[in-house]
Amino acid sequence: MITHSKPWITEADQQAVVTVLSSGMIAQGQLVHQLETKVAHYLDVAGGVAVASGSSALVLALTALGVNNDDEVILPTYVCKSVMESVIGVGAKPVLCDIGHDGNMTQETIAAQVTSKTAVIIVVHIFGVAANTHALKCFGIPIIEDCCQAFGTSINGAKVGSIGTIGIFSFHATKCLTTGEGGMAVSNSSNLLEKMRSLRDGDSFSVKERITAPLTDLQAALGLSQLSRYSNFLQRRQEIANYYLHHLHNCSLELPAAINQISIFFRFPVRVNGNFETYQQQFHHHNIQVRRGVDNLLHRLLGLEPHQFPTAERLFAETVSLPIYPALSNAELQQVVLACHTIWSNQREY
Ligand SMILES: Cc1ncc(COP(=O)(O)O)c(C=O)c1O
């Protein structure tokens with residue numbers, strides 16, 4: 001079966017982890033600190049605080065920004081539910097907004113939801129495609145950039161995560177760079193970095209609020225090893241995307257060509273007419289796993305009216321996400337293209 005995602009683990013990665021294992025220093029230590037420094041350097045930000053997951057990084061960020069019970073936090077309906085769970089986890093009210101055609105929130109969809117209680121806007125860079133964070137600063141409200149799917153994406157010469165108030169990343173096994181589970185919050189504000197570090201680590205002299213979700217040196221060793229060849233990761237994703245763009249243009253589907261310049265192709269979502277489950281079954285017969293763009297829409301989970309989120313509803317119904325990851329071989333890539341041609345062999349209808 002060609003899986004929808006798969007980590008790319010080399011012998012060098014394995015050796016890096018074994019070396020730490022043999023050293024006996026396997027909890028949060030020097031290597032976590034090194035990973036924070038190198039990720040911050042790569043993103044061109046002042047610093048980073050590593051934690052156990054992207055969701056923990058979001059809780060850390062919201063807490064450091066002082067978000068609490070009376071606050072509203074804006075986020076897109078088109079994202080995984082752990083983002084909303086982190087907002088609820090700090091006691092704030094999630095306020096959902098619709099998205100534009102590239103899957104990201106826009107100035108207009110956000111403007112419709114801003115109130116005097118809005119404390120933070122969570123700007124998600126979905127599928128590895130940069131949202132226009134520079135423009136979204138117009139509201140004068142702190143922005144947490146959710147870059148869990150966009151490690152390395154740039155827009156207007158800046159890496160995402162370096163543009164808003166805080167950026168958060170996930171190093172989950174399905175993400176572009178992995179530590180198994182893991183995450184990081186980054187910022188250019190030394191004040192916020194200090195707050196987040198203190199929330200994670202506490203100190204020996206007082207008892208105070210703590211978010212105990214550490215990353216270990218075992219995990220950081222894998223992350224550092226992956227980071228050292230990260231340009232290869234991005235290059236391979238681009239190659240696969242180019243192959244899809246070149247070989248699928250005759251199929252009856254809409255390709256994400258317009259996003260070519262501002263994406264690292266974390267996902268390769270195609271837009272189709274028809275029922276997702278039927279396509280999923282058809283791919284399954286070809287031994288290929290495809291997914292929806294997101295598993296569910298958050299407004300449905302909250303019981304809100306679908307008509308308030310028309311673009312998200314349309315993208316949810318029409319998007320099929322094809323396998324794209326560096327560990328995908330050329331033979332597997334050709335197999336996916338062949339299956340697409342069999343399933344969507346008609347001429348484009350869009
Ligand atoms: C956009 C987005 N935000 C947040 C998360 C949460 O990250 P984690 O699974 O590391 O908690 C994910 C992971 O699926 C994600 O895709």
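We count residues from 1, following the sequence as given.
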Across all chains, not counting sequence neighbours, the salt bridge (charged side-chain N to carboxylate O under 4.0 Å, His left out) partners of Glu313 are Arg300

Counting N and O atoms only, with roles assigned by atom type, does the side chain of Thr319 sit under 3.5 Å from a partner on the main chain of Gly293, one being a donor and the other an acceptor? no

Using the six-membered ring wherever Trp is involved, compare the ring planes of Phe309 and His299 and label them parallel, tilted or perpendicular (cut-offs 30° and 60°). parallel

If you take all heavy atoms of Leu298 and Leu96, which pair is closest and at what distance? C-CD1, 3.6 Å

Do Ile324 and Trp344 sit in the same hydrophobic cluster, where Ile, Leu, Val, Met, Phe, Trp and Tyr count as joined when their side-chain heavy atoms come under 4.5 Å apart? yes

To check you understand the geometry: which heavy-atom pair defines the closest contact between Ala135 and Gln107, and what is its length? CB-OE1, 3.8 Å

Could you tell me whether Glu277 and Arg292 make a salt bridge, using a distance below 4.0 angstrom between a side-chain N and a carboxylate O? yes

Under a 3.5 Å distance rule, please check whether Asn104 uses its side chain to pair with a backbone N or O of Val129 as donor and acceptor. yes

So, do Asn330 and Tyr243 sit near enough that their side-chain heavy atoms are less than 4.5 Å apart? no

For Glu239, which residues count as a salt bridge (charged side-chain N to carboxylate O under 4.0 Å, His left out) partner, sequence neighbours excluded? Arg236

Where the side chain of Thr278 meets the backbone of Gly274, is there a donor-acceptor pair that is under 3.5 Å apart? no

Under 4.5 Å between side-chain heavy atoms, counting indirect links through other Ile/Leu/Val/Met/Phe/Trp/Tyr residues: same cluster for Phe266 and Leu322 or not? no

Checking Leu60 against Lys195 for the side chain to side chain contact (heavy atoms under 4.5 Å, CB included) test, could you report, in this order, the C-alpha distance in whole Å, the side-chain angles of both residues, the deciding distance, and whether it holds? CA-CA 9 Å; Leu60 201 65; Lys195 272 192 192 164; over 6 Å; no

Tell me whether His286 contacts the main-chain N or O of Ile288 through its side chain, where contact means a donor paired with an acceptor under 3.5 Å. no

Taking atom CD of Glu85 as the centre, does the number of heavy atoms from other residues, nucleotides or ligands within less than 6.0 Å exceed 12? yes

What are the two closest heavy atoms between Ser187 and Met196, and how far apart are they? CB-CE, 4.4 Å

Would you give the length of the straight line joining atom SG of Cys147 to atom CG of Leu43, rounded to the nearest 0.5 angstrom? 7.5 Å

Taking Ala220's backbone N and O only, do any of them form a donor-acceptor pair with Asp217's side chain (distance below 3.5 Å, no angle check)? no

Would you say that Ile2 contacts Asn287 through its side chain, given a criterion of any heavy-atom pair below 4.5 Å between the two side chains? no

Can any side-chain N or O of Gln113 pair as donor or acceptor with the backbone N or O of Ile110 at less than 3.5 Å? no

More than 12 non-hydrogen atoms from neighbouring residues, nucleotides or ligands closer than 6.0 Å to NE2 on His134, yes or no? yes

Counting only heavy atoms not in Lys38, do more than 12 fall under 6.0 Å of its NZ? no

Beyond-backbone contact of Cys148 with Ile168, side-chain heavy atoms, under 4.5 angstrom: yes

Indicate, with yes or no, if Val67 and Leu58 share a hydrophobic cluster defined by side-chain heavy-atom contacts under 4.5 Å among Ile, Leu, Val, Met, Phe, Trp and Tyr. yes

Pairwise distance CG(Leu35) to CG(Leu215) - rounded to 0.5 angstrom: 6.5 Å

Taking Arg291 for the side chain and Gln280 for the main chain, is one N or O donor matched with an acceptor at less than 3.5 Å? no

Does any non-hydrogen side-chain atom of Leu224 lie less than 4.5 Å from one of Gln34? yes

For residues Val124 and Ile144: do they belong to one hydrophobic cluster (side chain heavy atoms under 4.5 Å, members Ile, Leu, Val, Met, Phe, Trp, Tyr)? yes

Cys176 vs Arg237 side-chain heavy atoms within contact, under 4.5 Å: yes

Nearest non-hydrogen partners of Pro269 and Phe127, listed with the distance: CG-CD1, 3.6 Å

Has Gln308 got more than 12 heavy atoms of other residues, nucleotides or ligands less than 6.0 Å from its CD? yes

Could you tell me if the side chain of Cys340 sits less than 4.5 Å from the side chain of Phe283, heavy atoms only? yes

Chi angles and distances behind the side chain to side chain contact (heavy atoms under 4.5 Å, CB included) call for Leu328, Lys6: CA-CA 8 Å; Leu328 192 72; Lys6 182 159 83 180; over 6 Å; no

Closest heavy-atom pair, Ile155 versus Asn132, reported as atoms and distance to 0.1 Å, is CD1-CA, 4.1 Å

Side-chain donor/acceptor of His249 to backbone N/O of His246, under 3.5 Å: yes

N/O donor to acceptor pairs below 3.5 angstrom from side-chain atoms of residues 7-21, sequence neighbours left out:
residue, atom, partner, partner atom, Å
Thr10, OG1, Ala12, N, 3.4
Thr10, OG1, Asp13, N, 3.3
Thr10, OG1, Arg229, NH2, 3.3
Asp13, OD1, Ser225, OG, 2.6
Asp13, OD1, Arg229, NH2, 2.9
Asp13, OD2, Thr10, N, 3.1
Asp13, OD2, Gln226, NE2, 3.3
Asp13, OD2, Arg229, NH2, 2.3
Thr19, OG1, Gln15, O, 2.8

Please confirm whether the ring centroid of Phe276 lies under 6.0 Å from the ring centroid of Tyr279. no

Which is it for Gln219 and Glu181 under the side chain to side chain contact (heavy atoms under 4.5 Å, CB included) test, yes or no, and what are the steps along the way? CA-CA 8 Å; Gln219 294 168 293; Glu181 299 271 359; 4.3 Å; yes

Considering only NZ, NE, NH1 and NH2 on the basic side and carboxylate oxygens on the acidic side, decide whether Asp203 and Lys208 come within less than 4.0 Å. yes

Let's go through Ser53 and His172 carefully: what are the C-alpha distance in whole Å and the side-chain angles of both, what is the deciding distance for side chain to side chain contact (heavy atoms under 4.5 Å, CB included) to 0.1 Å, and is it a yes or a no? CA-CA 7 Å; Ser53 66; His172 181 265; over 6 Å; no

What residue among Asp201, Leu218, Thr216 forms side chain to side chain contact (heavy atoms under 4.5 Å, CB included) with Gln28? Asp201

Evaluate whether atom CG of Asn232 has more than 12 neighbouring non-hydrogen atoms of other residues, nucleotides or ligands under 6.0 angstrom away. yes

Determine, step by step, whether Asn242 and Gln238 satisfy the side-chain hydrogen bond (donor to acceptor under 3.5 Å, both in side chains) criterion, reporting the C-alpha distance in whole Å, the side-chain angles of both residues, the deciding distance to 0.1 Å, and the verdict. CA-CA 6 Å; Asn242 289 344; Gln238 185 69 61; 3.1 Å; yes

Strictly distance-based, threshold 3.5 Å: is any side-chain N or O of Asp295 a donor or acceptor partner for the main-chain N or O of Cys80? no

Checking Glu209 against Arg200 for the salt bridge (charged side-chain N to carboxylate O under 4.0 Å, His left out) test, could you report, in this order, the C-alpha distance in whole Å, the side-chain angles of both residues, the deciding distance, and whether it holds? CA-CA 9 Å; Glu209 188 180 6; Arg200 184 194 61 182; over 6 Å; no

Are any of the side-chain heavy atoms of Pro310 and Asp98 separated by less than 4.5 Å? yes

Between Phe151 and Phe169, is the ring centre distance below 6.0 Å? yes

If you define the side chain from C-beta out and look only at heavy atoms, does anything of Ser86 sit under 4.5 Å from Val59? yes

Salt-bridge test for Arg314 and Glu254: reply yes if a basic N is under 4.0 Å from a carboxylate O, no otherwise. no

Is it true that Leu177 and Phe233 fall in one hydrophobic cluster, defined by side-chain heavy atoms closer than 4.5 Å? yes

Main chain of Thr3, side chain of Gln289: is a donor-acceptor contact present, judged purely on distance under 3.5 Å? no

Testing the basics here: between Ala158 and Ile163, what is the closest heavy-atom pair and its distance to 0.1 Å? CB-CG1, 4.0 Å

